[in-house]
Each structure stands twice: as structure tokens, then as C-alpha cells.
Amino acid sequence: MWQSDNFLRPPGARDEKEFLARCLQCGQCAQVCIFDCIKMRRGFNVFMAGTPEINPKAAPCHLCMRCSEICPSDALHDVDIYDVRMGFAELDQKKCLTWTEKLLCRTCYERCPIKWKAMILEAGEYPIITRECAGCGLCEYVCPVDAIVVTPTRFQKDREVASGEDV
Ligand code: SF4
Ligand code: SF4
Ligand code: SF4
């Protein structure tokens, strides 16, 4: 089965090199995830196979923080919900129903688990993603027009530049 390389690591994941060195590929994080969003990677790459991944288009993280608590090797370390940095969501205003004024939507805002931190509403209507975004992917999952995409943290050279907005 085809797998995307654009997957997210669960909350609290250490930087990719250390994460791979620590992860026991035990699957306990996937077992405790009541939202069934963690899948264990398949394939022949011995370093990657069996490690946890999240595809927000299929099943995003809800930031319940169960997985980082149970990880026995600290590959996922215990982290405050506001310090989670799985990735960074970017909103394309040219696609967004609200920004293009086709429809008052705000679905992404309503579903963001840390709204008013990670997502704010300009003029009470227009969603803006801030630098506090955890990268959980819920907004990408719920957006009806694919206006939001989360880039995994390991692909971000400079989060400040990636955010664009100065909020
Ligand atoms: S924080 Fe919760 S919802 Fe997110 S991956 Fe971990 S167990 Fe699943
Ligand atoms: S803005 Fe999107 S990716 Fe970021 S924390 Fe909120 S729902 Fe998650
Ligand atoms: S869910 Fe999508 S269309 Fe709706 S406000 Fe958010 S980005 Fe715009």
C-alpha cells in the first residue's frame, strides 16, 4: 500500500534523529490513541518501519496527550499541550471560503483544540493560524476545500519564516 512521506510524528516526538534512536517500535502509543490516528509505518526501511505516524487527511491528532504519557523510551516525551510542535499549518486564503467571502465557514477555528492560541479570528470572522500552532492537523482534516496543509516539523528549516504572519 502507498504511504506518504508527509506524515506527522505524535505529540512530544523528539527531533527525528533522536526519535528514531529511541523508538522501540512497540506500538503502545497507537494502542492508547482512542482516536485511532496513529498508524505504525510499514515497508522495508528498518529504521522507519514500525514507527508511529499520523496522516491528518485520514485521521488527525486531537491532542489528548495519552501517547506521550505512555511512551516507555521517551521517544515521545511528556510535553505541555501548548508546547506541542508536530508541524505547522498554513492556510491558503485564496482557497478559504471565508477569506474569499463565498461563505462564512470558520470550521477550522471551531475544531482547533487550542483556538485563541493557535488560531485566531481577524475581525471576528477570518481565521489566521499563529506561531503557536501545534500541527495536530484537525483543521486540515475538517476544511471542506483543502485550504489548509500541515507541514511536519522535521521538514521545517525555520518555523518563524514558515509562519509568514506576524501575530
Ligand atoms: S495526542 Fe491523543 S489523539 Fe493525538 S496521537 Fe496521541 S493519543 Fe492520538
Ligand atoms: S491551527 Fe490547526 S494544526 Fe494548528 S493546532 Fe489548531 S487545529 Fe491543530
Ligand atoms: S475550514 Fe477551510 S474554508 Fe472553512 S474557514 Fe477554515 S480554511 Fe476557510
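Note that ligands are numbered from 1 as they come in the structure, with each ligand's atoms numbered from 1 the same way.
Counted by atom type alone, Thr51 and Arg9 present one or more donor-acceptor pairs between their side chains at under 3.5 Å. Under the 3.5 Å distance criterion, with hydrogens and angles disregarded, no donor-acceptor pair is assigned to the side chains of Glu125 and Tyr109.
Criterion: ILVMFWY side-chain heavy atoms under 4.5 Å apart, direct or through other members. Under it, Leu24 and Phe47 are not part of a common hydrophobic cluster. There is a path of hydrophobic side-chain contacts, each under 4.5 Å, that joins Ile114 to Met65. When hydrophobic clusters are built by joining Ile, Leu, Val, Met, Phe, Trp and Tyr residues whose side-chain heavy atoms come closer than 4.5 Å, directly or via intermediates, Phe88 is grouped together with Ile128. Grouping the Ile, Leu, Val, Met, Phe, Trp and Tyr side chains by contacts below 4.5 angstrom, directly or via other members, places Met119 apart from Val149.
Considering only non-hydrogen protein atoms, atom 6 (Fe) of ligand 2 sits nearest to Cys112 SG, 2.3 Å. Considering only non-hydrogen protein atoms, atom 5 (S) of ligand 2 sits nearest to Ala134 N, 3.4 Å. With respect to atom 1 (S) of ligand 2, the closest heavy atom belonging to the protein is Met119 CE, 3.6 Å. Atom 8 (Fe) of ligand 3 has Cys96 SG, 2.3 Å as its closest protein atom, hydrogens excluded (heavy atom only). When hydrogens are left out, the protein atom nearest atom 4 (Fe) of ligand 2 is Cys133 SG, 2.5 Å; that is the closest non-hydrogen contact.
Close approach of ligand 1 to Ile54 (heavy-atom distance below 4.0 Å) involves ligand atoms 5 (S). Numbered from 1 in the order shown, with element, the atoms of ligand 2 that lie under 4.0 Å from a heavy atom of Ala89 read 3 (S). Of all the atoms in ligand 3, the ones that sit under 4.0 Å from a non-hydrogen atom of Cys108 are 1 (S), 5 (S), 6 (Fe), 7 (S). Close approach to Ala118 involves these atoms of ligand 2, each under 4.0 Å from a residue heavy atom: 5 (S), 6 (Fe). The atoms of ligand 3 that sit less than 4.0 Å from any heavy atom of Thr98 are 5 (S). The Pro127 neighbourhood of ligand 3 comprises atoms 5 (S), with distances under 4.0 Å to a heavy atom of that residue. Near Pro113, the atoms of ligand 2 lying under 4.0 angstrom from a non-hydrogen atom of the residue are 7 (S). Near Gly137, the atoms of ligand 2 lying under 4.0 angstrom from a non-hydrogen atom of the residue are 3 (S), 8 (Fe). Of all atoms in ligand 3, listed by their number and element, those nearer than 4.0 Å to a heavy atom of Ile148 are 7 (S). Close contacts of ligand 2 with Gly135, meaning ligand atoms under 4.0 Å from a residue heavy atom, involve 3 (S), 4 (Fe). Near Cys143, with a cut-off below 4.0 Å to any heavy atom, the atoms of ligand 3 are 1 (S), 2 (Fe), 3 (S), 7 (S). Residue Leu97 approaches ligand 3 through these ligand atoms, each under 4.0 Å from one of its heavy atoms: 3 (S), 8 (Fe). The ligand atoms of ligand 3 that sit less than 4.0 angstrom from a heavy atom of Cys105 are 1 (S), 3 (S), 4 (Fe), 5 (S).
Side-chain contact check for Leu8 versus Val150: some heavy-atom pair is nearer than 4.5 Å. Put simply, the side chain of Met40 reaches to within 4.5 Å of the side chain of Pro52, judged on heavy atoms. In this structure, the side chains of Cys37 and Pro60 stay at 4.5 Å or more apart for every pair of heavy atoms. No side-chain heavy atom of Cys61 sits less than 4.5 Å from a side-chain heavy atom of Leu138. In this structure, the side chains of Met86 and Pro11 come closer than 4.5 Å at one or more pairs of heavy atoms.
Neither the backbone nor the side chain of Ile34 has a heavy atom within less than 4.0 Å of ligand 1. Residue contacts with ligand 3, taken as heavy atom pairs separated by less than 4.0 Å, involve Val145 solely via side-chain atoms from C-beta onward. When non-hydrogen atoms are compared, ligand 3 lies under 4.0 Å from the backbone of Arg106 (N, CA, C, O) but not from its side chain.
Taking the ring axis of Tyr82 as reference, the NZ or CZ atom of Lys117 stays within 45° of it and closer than 6.0 Å to the ring centre.
Applying the 6.0 Å contact sphere to CZ of Phe35 captures more than 12 heavy atoms from other residues, nucleotides or ligands. Residue Phe7 places its CZ atom among more than 12 non-hydrogen atoms of other residues, nucleotides or ligands, all under 6.0 Å distant.
Within a radius of less than 2.8 Å around atom 6 (Fe) of ligand 1, the protein N, O or S atoms are Cys67 SG.
The pair Glu53-Arg41 meets the salt-bridge criterion, since a charged nitrogen lies less than 4.0 angstrom from a carboxylate oxygen.
Residue Ile34 comes nearest to Arg66 through the heavy atom pair CD1-NH1, 3.3 Å, listed as atom of the first residue, atom of the second, then distance. Here the closest heavy-atom approach between residue Thr98 and residue Tyr126 is recorded as O-CE2, 3.4 Å.
For the ligand labelled ligand 2, residue Pro56 lies outside the 4.0 Å heavy-atom shell. Residue contact check for ligand 3: Cys139 places no non-hydrogen atom closer than 4.0 Å to it.
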